[in-house]
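Each remark here refers to the structure printed beneath this line.
We use all heavy atoms of the structure for the numbers below, so side chains are in, but hydrogens, waters and symmetry mates are not.
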Amino acid sequence: MSEAGEGGSEFKPPAIDPWKGFRGVMAGTLVLEAIVVLLALPVVSTVGGGLGWFSTLYLVGMAVAFVLAAGMQGRPQAMQINLALQVFVLLGGFIHLSIAIVGVVFLAVWIYLLYLRRDITRRIERGMLRGQRD
């Protein structure tokens with residue numbers, strides 16, 4: 001029989017799980033990034049001087065890694081995995097500059113998603129989400 005202010009949050013959990021939607025946004029972003037990386041194959045082939053076995057394997061492997069990571073968004077370490085994948089896309093700049101540009105664009109998206117995650121956490125702590133103050 002503890003009061004709401006003792007040993008816990010003074011607000012009840014949100015009625016609708018905000019993290020479920022956020023995980024969906026992260027998974028969708030990863031699938032979109034996989035598509036963009038695969039669409040970079042013709043660019044590297046035409047403008048970058050051709051595709052070698054290493055560059056093809058690297059880009060297709062990255063796309064497969066993105067799709068696999070999209071299915072792991074329910075895990076606690078999902079954001080760390082997502083950011084680690086961004087490092088590999090940025091390192092793809094040694095294959096062609098266009099891959100590094102894709103990496104920079106999606107890194108900006110992931111930085112914004114980090115901001116959103118922090119904002120959702122703060123709103124939950126303050127009881128500002130719908131259904132927390134009923």
Quick check: do [X] and [Y] have side-chain heavy atoms less than 4.5 Å from each other?
X: V105; Y: V36; value: no
X: I99; Y: V44; value: yes
X: F66; Y: I35; value: no

query: Apart from V104 itself, which Ile, Leu, Val, Met, Phe, Trp or Tyr residues share its cluster (side-chain heavy atoms under 4.5 Å, direct or through members)?
result: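 Joined to V104, directly or through intermediates: L90, L107, I111.
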Give every residue pair that meets the side-chain hydrogen bond (donor to acceptor under 3.5 Å, both in side chains) criterion with at least one member in [range], sequence neighbours excluded.
range: residues 98-109; value: H96-S98
range: residues 78-88; value: E33-Q86, Q73-N82
range: residues 37-57; value: none

Are [X] and [Y] connected in the hydrophobic side-chain network, where two residues link if heavy atoms are under 4.5 Å apart?
X: V37; Y: L97; value: no
X: V47; Y: I101; value: no
X: L39; Y: M62; value: no
X: L114; Y: V109; value: yes

- prompt: Are F94 and Y58 close enough that their ring centres sit under 6.0 Å apart?
  reply: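 Yes.
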Ignoring hydrogens, what is the shortest heavy-atom contact between [X] and [Y]? Give both atom names and the distance.
X: G103; Y: V89; answer: CA-CG1, 3.4 Å
X: A34; Y: A63; answer: CB-O, 3.6 Å
X: A65; Y: L85; answer: CB-CD2, 3.9 Å
X: G93; Y: A100; answer: CA-CB, 3.6 Å
X: F22; Y: L113; answer: CZ-O, 3.3 Å
X: V31; Y: A70; answer: CG2-CB, 3.9 Å

message: Under the rule for side chain to side chain contact (heavy atoms under 4.5 Å, CB included), what residues qualify as partners of Y112, not counting sequence neighbours?
response: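 Only Y115, L116 meet the side chain to side chain contact (heavy atoms under 4.5 Å, CB included) criterion with Y112.
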- request: For L41, check side chain to side chain contact (heavy atoms under 4.5 Å, CB included) against everything at least two apart and list the hits.
  value: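 By the side chain to side chain contact (heavy atoms under 4.5 Å, CB included) rule, L41 matches L38, L51, L59, V60.
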query: If you round to the nearest 0.5 Å, how far is CE of M26 from CZ of R23?
result: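 It comes to 8.0 Å.
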- request: Show your reasoning for whether side-chain contact (heavy atoms from CB on, under 4.5 Å) applies to L30 and F106.
  value: CA-CA 9 Å; L30 287 169; F106 276 99; over 6 Å; no
